[in-house]
There are 2 protein chains.
Amino acid sequence: MTLTELRYIVAVADACHFGRAAERCHVSQPSLSASIAKLEDELGIKLFERSRRGAKLTAAGEEVIAQARRALDEAARVKTVAQQGRNPLKGILRLGVIHTIAPYLLPDLVAALHRAAPEMPLDIEENTTAALDGLLKAGTLDVVVLALPYEESGILTQALYDEPFKVIVPRGHPLARRKTISADELDVADLLLLPVGHCLRDQVLDACREFTRPPPPGRQGNSLETLRSMVASGMGISVLPASALTARYANPLIKVIDFASPVPMRRVALAWRKGFARPAAVAQLAETIRRLALPVQRLSADSGRPNR
Amino acid sequence: MTLTELRYIVAVADACHFGRAAERCHVSQPSLSASIAKLEDELGIKLFERSRRGAKLTAAGEEVIAQARRALDEAARVKTVAQQGRNPLKGILRLGVIHTIAPYLLPDLVAALHRAAPEMPLDIEENTTAALDGLLKAGTLDVVVLALPYEESGILTQALYDEPFKVIVPRGHPLARRKTISADELDVADLLLLPVGHCLRDQVLDACREFTRPPPPGRQGNSLETLRSMVASGMGISVLPASALTARYANPLIKVIDFASPVPMRRVALAWRKGFARPAAVAQLAETIRRLALPVQRLSADSGRPNR
DNA sequence: TTCAATTCATAGGTACTTCCTATGAATGAC
DNA sequence: GTCATTCATAGGAAGTACCTATGAATTGAA
């Protein structure tokens with residue numbers, strides 16, 4: 001049984017005439033007759049009563065034709081559905097964002113993307129790089145925003161921007177009056193850090209050339225906001241990315257100090273599976289993020305896309 | 001787009017693997033890959049994300065597969081419906097019966113046929129031969145019970161039985177004491193008849209060798225039961241078929257008298273379109289009628305089936 | 001009765017589609 | 001690097017659908 005055969009029997013049922021039905025189907029009458037004979041044979045019943053006057057549906061034929069119409073209708077909808085799915089900027093985009101970027105990027109990003117691609121809502125997962133990596137590879141996520149380096153097999157990345165780190169100290173701290181600070185001036189014992197597993201923790205320690213000494217207990221906080229509060233209460237100093245230190249987050253108890261050159265920074269990028277079917281959606285996302293007013297150093301559009 | 005292609009994409013969606021999907025579809029992996037590529041091309045979208053791990057549905061693919069499943073399901077039901085329609089003794093049989101047979105045949109016939117073919121209910125139309133002929137040719141009726149002669153192009157007939165005519169007279173009538181009457185003894189002026197259009201009227205006049213004289217007004221009745229009542233009230237005599245004169249219809253005011261040999265009779269037959277798809281239903285109907293306990297002369301099963 | 005017209009079916013040959021086996025390219029594990 | 005696994009490509013064989021031409025059956029008119 002084929003869709004063509006179903007179309008033929010419906011045409012004959014409508015036309016009550018093999019010849020005219022063949023015309024409408026753009027085939028010769030013998031071709032149509034043969035196809036219908038084949039189908040009748042396969043189904044084991046006569047669908048039409050042939051006579052000089054033309055073709056008339058049998059009782060069983062009525063039922064079969066009605067069902068054939070339903071089948072053809074559903075088959076036609078496959079094309080419709082495909083048509084709808086054809087726009088890569090249509091349909092949910094499942095986005096992962098690491099903890100240290102999400103709160104400072106998403107509010108603006110969601111709004112901007114809703115303007116740029118109104119039919120592509122975001123389904124957002126906030127987690128660590130390791131967790132997002134797993135979800136991305138499993139296909140649960142389509143795209144991830146994370147910090148480089150990140151090189152995994154089967155994954156493409158595109159760098160978006162470089163984000164400077166800054167130092168925050170409590171108001172009365174000895175460093176509070178400095179205009180800039182160089183990384184090796186920071187006292188790691190005074191430093192408040194995120195827990196193990198956050199890439200930002202490693203990047204900060206890396207900036208301070210501190211790889212070995214484990215931080216004393218009680219000197220870490222579970223989010224950047226926790227760290228900020230801890231600094232405000234005078235527990236120590238910390239290093240945050242610039243996007244967490246815009247005017248919106250100003251705090252009278254905290255002094256923000258730039259790093260002296262070379263300013264340590266992190267490179268933020270998009271990552272997606274190599275075979276992902278909607279690269280245009282990724283491109284749109286990248287473009288939208290680049291156009292946001294973030295306190296970062298923009299990169300050229302083509303400075304990304306390496307693969308292992 | 002073909003049903004085969006839809007089956008292939010559903011198989012890949014289920015297996016998440018081209019090779020295993022091909023196995024399940026009993027085709028080689030390249031054949032399956034090519035078919036799917038062709039369909040993806042036709043639909044204009046990628047349904048699967050190919051990777052070393054296998055195949056994964058894209059967002060658009062999810063929708064398409066769901067629709068494809070519906071289409072395949074409806075297509076499969078075409079076969080189911082055909083299977084159900086395969087039994088010729090299943091489904092309504094649209095039966096026409098002439099007025100002068102219906103009331104005396106149908107009660108027993110409906111009961112007997114319900115026993116013989118419980119899945120074949122009758123849809124019954126009672127009318128004159130001319131009207132039933134039109135409905136039969138138009139396909140509104142499947143089979144008609146009527147009296148011969150009846151020869152129409154494209155119509156097959158099968159004789160069922162010969163039914164004798166009998167004379168009915170009112171109790172005090174001069175002929176009431178006769179054992180038998182010969183047809184030419186009947187006074188046509190005394191005869192009560194059905195209106196023009198009923199074949200029985202012509203058959204009775206034919207039996208009396210009376211072709212020309214129009215019956216006086218007020219000497220006809222619209223049904224056999226009306227005629228019977230008219231005779232009972234002494235308005236005249238009439239000729240009825242034997243099936244209308246069984247014990248069930250006995251009336252103390254009426255005397256029933258057999259014809260002397262040669263007894264005039266009518267031959268009752270089935271008629272159906274030559275191409276009618278359920279000849280077995282017709283055969284079953286004929287057989288059922290023949291087995292009824294009617295006051296008729298049965299014919300052999302194969303004494304019918306002439307055409308034009 | 002014969003003839004012409006109309007219907008659907010059959011015959012024979014061609015073109016296209018599907019399918020197979022063999023092979024290739026990309027990737028990742030060891 | 002080597003091997004195993006994935007899906008894609010190539011080339012050729014088999015099957016299917018299609019076409020034109022013709023036939024058979026029927027019917028209405030000459």
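A, B, ... follow the sequence lines: proteins, then strands. Residue 1 opens every chain.
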Rounded to the Å, how far apart are [X] [atom1] and [N] [atom2]?
X: B:R20; N: D:dT5; atom1: CZ; atom2: P; result: 11 Å
X: B:Q29; N: D:dA10; atom1: CD; atom2: P; result: 14 Å
X: B:I36; N: C:dC19; atom1: CD1; atom2: P; result: 11 Å
X: B:F18; N: C:dC20; atom1: CZ; atom2: C1'; result: 18 Å
X: B:K38; N: D:dA8; atom1: NZ; atom2: C1'; result: 17 Å
X: B:L3; N: D:dA17; atom1: CG; atom2: P; result: 12 Å
X: A:E42; N: D:dT16; atom1: CD; atom2: P; result: 12 Å
X: A:L32; N: C:dC8; atom1: CG; atom2: C1'; result: 11 Å

Any salt bridge linking B:D14 with B:R69? Criterion: basic side-chain nitrogen under 4.0 Å from a carboxylate oxygen.
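Answer for the salt bridge query: yes.
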So does A:K79 pair up with B:E42, basic N to acidic O under 4.0 Å?
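A salt bridge is present here (some side-chain N lies under 4.0 Å from a carboxylate O).
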Step by step, would you call B:E23 with B:R20 a salt bridge (Lys or Arg N to Asp or Glu O under 4.0 Å)?
CA-CA 5 Å; B:E23 267 180 52; B:R20 277 191 288 279; over 6 Å; no
Would you jot down, in residue-number order, the residues of residues 129-136 of chain A having a non-hydrogen atom under 4.0 Å from DNA chain C?
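Those residues whose heavy atoms fall under 4.0 Å from DNA chain C, taken from residues 129-136 of chain A, amount to none.
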Under 4.0 angstrom, heavy atoms only, what part of the nucleic acid is [X] near: base, sugar-phosphate, or nothing?
X: B:S31; value: base
X: A:Y8; value: sugar-phosphate
X: A:A55; value: sugar-phosphate
X: A:S28; value: base

Looking at [X], does any N or O in its side chain come under 4.0 Å of the phosphate oxygens OP1/OP2 on [N]?
X: B:S33; N: D:dC7; result: no
X: B:S35; N: C:dC19; result: yes
X: A:H26; N: D:dC18; result: no
X: A:R50; N: C:dA9; result: yes

C:dA22, C:dT18, D:dC18: which one has an atom nearest the side-chain heavy atoms of B:T2?
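Closest nucleotide among those given: C:dT18.
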Is there a donor in the side chain of A:R266 and an acceptor in the side chain of A:T100, or the other way round, less than 3.5 Å apart?
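Present: a donor and an acceptor within the cut-off.
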Establish, from distance only, whether the side-chain atoms of B:E62 and B:T58 form a donor-acceptor pair under 3.5 Å.
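No donor-acceptor contact under 3.5 Å links the two side chains.
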Residues forming a ring pair (Phe, Tyr, Trp, His ring centres under 6.0 Å) with B:H99, sequence neighbours excluded:
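Counting only residues at least two positions away or on another chain, B:H99 forms a ring pair (Phe, Tyr, Trp, His ring centres under 6.0 Å) with B:H198.
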Give every donor-acceptor pair under 3.5 Å between a side-chain atom in residues 142-150 of chain B and any protein atom, sequence neighbours left out.
from	atom 1	to	atom 2	distance (Å)
B:D142	OD1	B:R94	NH2	2.9
B:D142	OD2	B:R94	N	3.0
B:D142	OD2	B:R94	NE	3.4
B:Y150	OH	B:D133	OD1	2.4

